[in-house]
Structure formats: C-alpha cells, structure tokens
A.B. asks: 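Sharing a structure below in structure tokens format, with a few things to ask.
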Amino acid sequence: MANFKEELAVLAYQNYLKKDFTSALQNLSDLEGIVANNNTLLKRVQHNKAVVEFAASDLKNIDKFKMAIGHIANLTFTDIDIKDLSVPCMLYNYAVLLYHSRYYYQCVVILEKLLTSKNIKDVKLHNQIVLLLLEATLCRRTYEKTLEIAKTYGDSLKSNNDVSSLYERLVSRAQLYLGYKIKLKPDSIENVFIVAQQKYLNGDIIDAANTLGQYRTIKYNYDLKTQGEDIWAAINNNLGVIYLSIKKPYLASKYFQHAVKEHFKAMDNDDSDILIVCKDRPLYVFNLGLALLAASNSEGAFECLVEAARHYPNNPRIWLRLAECCVKKCCSDEAQPFTVKKLGSGPHTKILLTKENKEKYPVCGDSFAIPSLSLEFAALCLKNAISLLPDQETSGSSSAGFIQAPPGPPINWKQRCDLKNSILVLQSYIFLQLQDPLSALMSANELLTQSDATNGQKAWAHIYAAEALINLDKTNDAADHLHPPMIHDLVSDAPSHIRDMVAISVWAKAAVCQILRGDLLTARKILLQINSPQVLPLQMYLEICTGNIDNCHTILRKIRTSNSSNF
C-alpha cells in the first residue's frame, strides 16, 4: 500500500509538471481516498489538489484558492493565529496569497512562524520562505529587519546559483534605503532599476536617468504573466519621479501619464486576473496627481489624488495635497482684476470698484464629504490629515518612521511635526476664507505654540491671526501680531518674492487696524509705503475718507493700468 501511495504521489507530480492538470487531479483524488485516516497526509493531498486546481485556472481563480486553503487550515483569510504547522508548504502558499493581497504584516508573521518550526525538511521550500520574507519586510519598509533575516538565513541562498542574484538584489534594496553603498552591476534590467535608484537618492539625477536608459541595451524577458509587472510602466514612472525632483512638473506629468497608459494596456488582456499581477496603478496615479498639482493643474491633480486617497486613506500627505488642490482652484480668483464702473454724471457721479462674483462654495444642501473642489471639502481633508497624526512620539528615535503612509515611506516624528505645522497654516487660511475667524485664530495660535515651526510658518500664522482678530473686532490684539520688524526677522531668509508677499500682507493689515481705530492719517502713511495693485482699493477708500478726491483719479488710472496688464 505504501508503494502504491508513493507511486500515485509521484505520478500526480509528473502530470502537474507536464501541465496535465486533469490527470494530476485524478491521481490526487485517488490518493485522497487512501490517506483518509491520516489527518496530516490528508491535509497535504487536499492542499496539492487546491494548488493543481489553481494552476489549471492559470492562477486566476484566486477566491476559490483562498477558500480552499482556509478550509484545510481552518482559517479565515488574513487570520494568523496558526497552531498547526504540520503542513509548511500549505502555510507558505497562504503567505504568498497574503503577500500578493498586500497583507505584508500578516505574511511576515506566518513566514516567521514557519522558520521557527522544525517541520521544513525541503531546502528549496526553506529558501523560498526566506526570499519571500525578505521581500515582505522590504514592502513593510523594515529594512533593518530585512538585513537581520539575511544575516541569519542567507548563507544557503548565497551559494545557490538559482536564487543568489535575487537574494543579492533584495539585500541591496534594504542597504540602499539605509544609506549603505551597494555594489550591484547594472547587467540586468532589475539591477538597472536599483542602481539608478541609488544614484537618484544620492542626488545624481542625470546619472540616474542615464542609468535607467540602459534598459535599451539589455536583453530581458519581462512581462505581466511571468513577472507581474509591466516594465514600460515602471520605466516611465521612474523617469517621471526624476523630472519631478528637478522641478519639471509638465515633463514629469507626461511620463506619469505614459506609466498609467502602459499599465492600462498591460491590464487589458486575459492575464490581468492572475494572482501575481501588478497592482501599482494607484501609485502611478498618485505620482501623476503630485506632478499636475506642481504644474498648477488643480482639477486634474484633484481627480488623481481622490483616487489615491481611496486606495491609501491613512496617508495624511494625500489629504493635505487634496486640500491644496481646493485652495488653488477656489482662491485663484483672488487675483482677479477689479472692474471700474461709473454711475450717474457730473457732481453726482459715483465710482464703483467691483469683482465678478463667482460662486466659490458648493450650493447649500450639498454634502461636504463628497469630493469636490470646494473650501469646505478642503477643511474636511485637513481634519482627516490631522486625525492621522499622533500627538505623542511612539518611537525612541526621531529618525525612525512610525506612521505608515503608503505609497510613500513611513513618516518619522520630525516629518510628522513639519506636516502638522503645514496643515495648521493652510487650515487657518481656509477658515478665514470660509468666514470662520474663531477657528482660523485657533489654528494660528496652535501653530505659534509649536517650538519646531519654521520662521516662515510663524510669519503666516501671525498674519492670519491678525486678520482673524480684525474680523473679531479685536484690533489691539491684532496689532500685537503685526510688528513689521518681528515679521521681517521671521522671513529674512526667505526668497525675495515671499518676503515681498509677506510685507504687503503685513502692512495692509496694519493699515486696516489703524482704519478701524479711526487713525486714517497713519493708515494712509502705511499704504503709501506699499507698491502693489492689491492695496489700491484700500488706498482709494482712504483718499475718499480724507477728502483727497484728486488723488482718487490717479488711483483709478493705476487700477485700470493694473487691469490691462493682467490680460
């Protein structure tokens, strides 16, 4: 009987290798009846039947394979509370399912349990477990752990010609992110990507692009069915990253668009349903959104980032970028020129300065939770972003990432603080635009209490706090935020256009404070120091209040001139 069982097992394996899945299933069914009384052997046979059926479906019937593995192992998919390690091959395949479903933590737990058990007699299976564990820890961005695993279990992989090159690449990727110098040769398409990435991270942008271009001279067989990724999509994406880093967003967006198109092309075939298929489209769309935002295409960027947020809802950076899209779109008409209108004639002539009244906010009754380019939705995005940032550091090292933010790297404590400060600045501005000065003041004051806020962020916080206090009729308190020497010191290291922008805003708000106090002459002196069309309507108001009608005509001519220069 024992010989017959072995013969059936060997025959089933041979038929499987020949892709005669029907015969293999028949052999395994016969074997299943023979070993029905041995629970461990029965599990192995049932697992092999599930593998053969999955292979017969060309790796496409994923749900059925998950259910079969779960039934045999008495598990619900993603469950990792495993006590029976008697069938390591089945648990390895379960880890493979978890990995391709992007449950990397669960995958790591299963594989670590397998390595600590003593049930693995097959050297090939052991090597496969280690390789998958290395890949899964890389996907979790726990690079120190990757190197620790390589040090503990890597000796058998180094000496195995079949997997040594793959092992070397996995280790090099971990070393790369930890700042080590790697020694890979760009003699394969996989190595080219890693070497180019090292040059990019080292700041050698041109060398990175040239290295990536070596794919033209390398022979490779890299397609969706065998590798799970489209090489052209990956190349275009990486080139887009390079051009975005050197502030060429229009060119970068073209490459990201090509990456998305290539991915669609790869997915538009019969192999797109297989287990190992690449699922990086959200990453390409996210990168495209960043490029479009940098290129001032707020509508296109918004559409891309909304899709990215659906796939990566726990990334606070995406919510901040969505809010920036809304602000760029909704507040772009702030620079809209004034229209000068004359009413009446002779001594009864009235001059009106108006802007075209565009609908800035959603129609009453619309849900602010529905993605739309509105300031209300921007405020909701920033609320989401802040809720994803913990209030206390949970890691001993400020450089260690502790907030997972896929598809980007984890966020460490310093980055968390920078991100929160940026959110508070934008939040204060948005609340002012939404005519909620109290909330704007709270955000600005919170930022001013942050010891790690930059000088530029503090300058804008003072400006927004002053504007909020003016709206709350607290001009004395507002004036405390508008000391020009203090603001000048805060922005002394900023670019000239930022310094000019801050100066105009500070002096204009200081003039408003004086107007509200009734000191029109001091306000007029302040405004005369500002050479910007933005304050011309305020200057005209003061000239009228102080009775300098002749000066009003001069200001009107300046307004007309500024309007014509805007077209």
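Starting from 1, each residue takes its place in the sequence as its number. Since the structure is predicted, the reported quantities are computational estimates derived from the model, not experimental observations.
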A.B. asks: Check for me whether the distance between the ring centres of Y255 and Y243 falls short of 6.0 Å.
C.D. replies: yes
A.B. asks: Does OH belonging to Y103 count more than 12 external heavy atoms closer than 6.0 Å?
C.D. replies: no
A.B. asks: Please check if any side-chain donor atom of T137 sits under 3.5 Å from a side-chain acceptor atom of T146, or the reverse.
C.D. replies: yes
A.B. asks: Using a cut-off of 6.0 Å, state whether more than 12 heavy atoms not belonging to Y541 lie near its atom OH.
C.D. replies: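 For Y541, atom OH is not crowded (no more than 12 foreign heavy atoms under 6.0 Å).
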A.B. asks: Ignoring hydrogens and angles, tell me if any N or O in the side chain of N191 forms a donor-acceptor pair with the backbone of D187 under 3.5 Å.
C.D. replies: no
A.B. asks: As a test of understanding, state which of Q197, Q198, R141, E144 forms a side chain to side chain donor-acceptor pair (under 3.5 Å) with Y177.
C.D. replies: Q197
A.B. asks: With no hydrogens and no angle check, just 3.5 Å: does a side-chain donor-acceptor pair link T454 and Q457?
C.D. replies: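 Side-chain D/A pair, T454 to Q457: present.
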A.B. asks: Is there a donor-acceptor contact under 3.5 Å from the side chain of Q450 to the main chain of L447?
C.D. replies: no
A.B. asks: Who pairs with F193 by ring-ring contact (aromatic ring centres under 6.0 Å, His included), at least two apart in sequence or on another chain?
C.D. replies: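 For F193, no residue satisfies ring-ring contact (aromatic ring centres under 6.0 Å, His included) once neighbours in sequence are set aside.
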A.B. asks: Is it true that, when you exclude M442 itself, more than 12 heavy atoms of the residues, nucleotides or ligands shown sit nearer than 6.0 Å to its CE?
C.D. replies: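 Atom CE in M442 is not packed in, count stays at 12 or less.
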A.B. asks: Please indicate whether Y105 has more than 12 foreign heavy atoms, meaning atoms of other residues, nucleotides or ligands, lying under 6.0 Å from its OH.
C.D. replies: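 Open: at most 12 neighbouring heavy atoms sit under 6.0 Å from OH of Y105.
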A.B. asks: Are the side chain of N412 and the backbone N or O of Q415 linked by a donor-acceptor pair below 3.5 Å?
C.D. replies: yes
